[in-house]
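The structure appears below as structure tokens.
First the proteins, then the strands, lettered A, B, ... as listed; each starts at 1.
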Amino acid sequence: MQINVNGKSKEVIDDLSVSALINSLNLQADQVVVELNRSILTSEQFSTAQLTAGDSLEIVQFVGGG
Amino acid sequence: MSFLNIINNYPKEAVRNMILETTPDQIDAALNSPRLSVETFANLLSPAISDDQLEIMAARAHSITQQRFGRTILLYAPLYLSNECHNGCKYCGFSADNHLIRKTLELDEIEREAKILREQGFRHMLLLTGEAPEAAGIGYLEEAVKIIKHYCGSVSIEVFPMETEGYRQMIAAGVDGLTIYQETYDRELYADLHPYGAKSDYDYRLAAPERGGKAGLRKIGIGALLGLGDSLSDAFYTGLHALYLARTYWRTQVTVSFPRMRPAEGGFQPMTLVDDRQLTQFICAMRLFLPDAGLVLSTRENADLRNNLLPLGITQMSAGSCTAPGGYGDHDEDNKQFEISDHRSPAEMEEYLISRGYDPVWKDWDMAFLSKAG
Amino acid sequence: MDQLTIAGRTFDSRLMVGTGKFSSNQAMVDAMVHSGSEIVTVALRRVDIDNPQDSLLSHIDRDRFLLLPNTSGARDAEEAVRLARLARAAGCEPWVKLEVTPDPYYLLPDPIETLKAAEMLVKEGFVVLPYMPADPVLAKHLEEAGTATVMPLGAPIGTNKGVRTRDHIAIIIEQANVPVVVDAGLGAPSHAAEAMEMGADAVLVNTALADTGDPAAMARAFRKGVEAGREAFLAGLGQQRQKAEASSPLTGFLRKD
């Protein structure tokens, strides 16, 4: 199915969980924050939240800033 | 946070020690610093200040006032509406214990007084009452203000303390300023001097200026009655109170008055004597501590002293005052709250100010400026 | 000990540092450590999913430094609030450096959106440290809204020009009931000292530490600058003497009889 991650379109398997997506991107769950369709997910929700076609995700992390 | 929380951090004995233990070097340092802290303000209240140091402080006070206020002096008139009162303040001419003719002006009398004052040139009037809500309460004041507003664009009140809602009502009626003195900030002495009546509630009165600020009054005036109690600590607390109001109700102009005990009916003797030198010092120290506060000197003080204090930070003065209800029309000599000392008429005051190079301001503000009706 | 108190928490250091623009993570860590700082700012950005970088967090000792996420990138209040919520979801303490900078050229803070965002964030329980123009009236509005500090800029971000807004910052310091942190534009330790001498409660420095060849040394220098300025302020700087004003004595009347 097609989903949107950080503004880019991405093809992923159906019934993908957020934590699985994070793993597949070689990211660590405790170092990122995820917004699913404009709703911030708690870390528990990473494993329970199932993605559906057309979902929009923002995955952000801390970087240097003033 | 209320001022009640702040004042509790400065117990009277500690304040007195802070002031009395000040060294000459500390006074010098305070005079030399660009901005006073609470502690260095206390230093400048020290009775140990030398004549030379006082002169330096006066020069700074003069300079700061000139910078912030130019050479303007706002002229206002007190208008006593009623001398009825249920409080038993031991030092006041209107005390419920005193025998004098109690009078509350009728609306036509109010109009007469306001007209007289207007003809004298006043556009800023300060309305005064005692504390007798059934005779001269909020409703009465609303009626009075409505009349007076025809003759004068800026009305302040110096009456019994109100709830915030009461002050909002006053604003709606056209009042833009509030004056209320704590008399003394010494809680124990306060209890002693106000043995009965609503005024015996120290906390309620202390928080009145804040309630005025919350209600949105443009001007708030405070002061302590110098001579009632320990003048050093009262001067300190007055400064502290003014600072709190200025920082918290930052849209409001804060003014500080320096009423010194005068003889009153009932023969109350001031507990301490604040001499001219000390009064001068208080005024200058307040100016250095609060460069933007209005400083008020009324006709309680004699002409010579007022003339001499003029360059040292004063920005508001009354003239030709009468402290009895109806006194402008009746020339009532008997039922006054206190004796005045500077008997110059408003016209004489104006002439004098101009001769000294000052700028007498009759009209500084008018609520009509805000009116959409124009 | 003269400590800085923000939102009920005390700190020994009055120098906050930013973590942006460093040439390497090592340079950043050197600056942080040698500055003696206890509060560091970080930003939030989209992960580059094609090329994910190591998280910054792995380089920051959370026991030593309080993380202060900023809302840089926000162009309005809504975006700022969203970023703050994201940061909080990352497990940070709910402290936020509120930064709303719609103008990408000078990165000047938007006063209107900043106040709006501050009001919203305070209601949501954040400890808000707002980056703002050196506007004394705005500072009182923000304080009234419940922010934990005010952070007026010394000069536009990254310009290293120093305390250009000096006169207005002096008014803010005079009138504030909350700590005043001079943020942005401080390019040299002397600038930081100047801000502290004026009575600022703390300063925030980033570019000056990142722009140098030796971040550790520059951080040490800034640390000393901040400490020097603070100590001078506490000792009580004298005012610059003006010419004598009154030619005749003002208090002579007290001595006549």
Please give me the minimum heavy-atom distance between C:T251 and B:A58, naming the atom from each residue. CG2-CB, 3.6 Å
Do B:W250 and C:E143 have side-chain atoms, one donor and one acceptor, less than 3.5 Å apart? no
Of the listed B:T40, B:L31, B:T280, the one with the largest count of heavy-atom pairs under 4.5 Å with chain C is B:T280
Is C:K140 reaching over with its side chain to a backbone N or O of B:R247, donor-acceptor style, under 3.5 angstrom? yes
I need the B:N307 CG to C:F253 CZ distance, nearest 0.5 Å. 10.0 Å
To the nearest 0.5 Å, what is the distance between CZ on B:R35 and CE on C:M198? 9.0 Å
Restricting to non-hydrogen atoms, name the atom on C:L250 and the atom on B:E55 that form the minimum distance, rounded to 0.1 Å. N-OE2, 2.8 Å
C:E78 CD: over 12 foreign heavy atoms closer than 6.0 Å: no
Can you tell me if CZ on B:R251 sees more than 12 non-hydrogen neighbours from other groups inside 6.0 Å? yes
Side chain, backbone, both or neither of B:T248 within contact of chain C (heavy atoms, under 4.5 Å): both
Given side chain to side chain contact (heavy atoms under 4.5 Å, CB included), test C:R255 with B:L54 step by step and report yes or no. CA-CA 12 Å; C:R255 292 183 280 286; B:L54 188 57; 5.6 Å; no
Report yes if some heavy atom in the side chain of B:M1 is under 4.5 Å from a heavy atom in the side chain of C:N177; otherwise report no. no
Would you name the heavy atoms of C:L237 and B:P34 that are closest together and state the gap between them? O-CD, 3.4 Å
Is chain C contacted by the side chain of B:D51, its backbone, both, or neither, given a heavy-atom distance below 4.5 Å? both
Within a 6.0 Å radius of atom NZ on C:K161, are there more than 12 heavy atoms belonging to other residues, nucleotides or ligands? no
C:E231 atom CD, over 12 foreign heavy atoms within 6.0 Å: no
Around B:E351, counting heavy atoms of other residues, nucleotides and ligands shown, do more than 12 lie under 6.0 Å from its CD? no
